[in-house]
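The analysis underlying the following values was restricted to heavy atoms, covering all of them including side chains, and did not include hydrogens, waters or symmetry mates.
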Amino acid sequence: MSDSAVDPEEVRHVADLARVDLDDEEVERFTEQFGDILDAFEALDEVPETDREPELANVMRPDDVRESLSQQEALQNAPESEEGQFKGPKVS
């Protein structure tokens, strides 16, 4: 397991927020994987920064009008919807 302390309860909390059901085996696996990910980010902090000229590029593109999903199609896989809108958990 990695050096970063990731608690199984934190994994369960994140899974609950994402409305994902995890069994105990999955919680254990994700706890280890999240720790590995955090270790990778900590390793990035050790990479020295270099000075370089910023490269400017035009990343804008014209909008292309295309057919989109109907409201009913967009909501068909939502776990919850209300009055034609996605419904998410309350955030305090």
Exercise for the section: Applying side chain to side chain donor-acceptor pair (under 3.5 Å), name anything that partners E49, two or more places apart in sequence or on another chain. Expected result: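 Partners of E49 under the side chain to side chain donor-acceptor pair (under 3.5 Å) test: none.
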Handout entry: By side chain to side chain donor-acceptor pair (under 3.5 Å) - contacts of R12 (at least two apart)
Key =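 Counting only residues at least two positions away or on another chain, R12 forms a side chain to side chain donor-acceptor pair (under 3.5 Å) with E9, D24.
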Handout entry: For E46, all residues meeting salt bridge (charged side-chain N to carboxylate O under 4.0 Å, His left out), sequence neighbours excluded
Key =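 Once residues adjacent in sequence are excluded, E46 has no partner under the salt bridge (charged side-chain N to carboxylate O under 4.0 Å, His left out) criterion.
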Practice task
Could you pull out all residues at least two apart from D45 that satisfy side chain to side chain contact (heavy atoms under 4.5 Å, CB included)?
Solution key: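 Partners of D45 by the side chain to side chain contact (heavy atoms under 4.5 Å, CB included) criterion come out as none, since no residue qualifies.
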Problem - With sequence neighbours excluded, residues passing side chain to side chain contact (heavy atoms under 4.5 Å, CB included) with Q76 - result: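 So Q76 forms no side chain to side chain contact (heavy atoms under 4.5 Å, CB included) with any residue.
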Exercise for the section: Indicate if I37 and F30 have the same hydrophobic cluster label, given that clusters are the connected sets of ILVMFWY residues with side-chain heavy-atom separations under 4.5 angstrom. Expected result: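 Per the 4.5 Å side-chain linkage, I37 and F30 are co-clustered.
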Problem - Listed once per pair and sorted, the salt bridge (Lys or Arg N to Asp or Glu O under 4.0 Å) pairs that draw on residues 54-78, sequence neighbours left out - result: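 Listed by first then second residue: R52-E55.
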Practice task
Can you run down the side-chain hydrogen bond (donor to acceptor under 3.5 Å, both in side chains) pairs that involve residues 80-91, sequence neighbours left out, and say none if there aren't any?
Solution key: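 Non-adjacent pairs meeting side-chain hydrogen bond (donor to acceptor under 3.5 Å, both in side chains): R19-E80, E82-K87.
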Practice task
Give me the other members of the hydrophobic cluster that F86 sits in, counting Ile, Leu, Val, Met, Phe, Trp and Tyr linked by side-chain heavy atoms under 4.5 Å, directly or via other members.
Solution key: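 In the cluster with F86 are L75.
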Problem - Trace of the side-chain contact (heavy atoms from CB on, under 4.5 Å) decision for L38 with V6 - result: CA-CA 9 Å; L38 291 176; V6 177; 3.5 Å; yes
Exercise for the section: Please name the pair of heavy atoms, one in L17 and one in P89, separated by the smallest distance, quoted to 0.1 Å. Expected result: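 Looking at all heavy atoms of both residues, the closest pair is O-CG, 4.4 Å.
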Problem - Heavy-atom donor-acceptor pair, E32 side chain to R29 backbone, under 3.5 Å - result: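 Answer holds: no.
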Handout entry: Gap between atom CG of L44 and atom CG of D39 - 0.5 Å precision
Key =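 Separation between the atoms: 11.0 Å.
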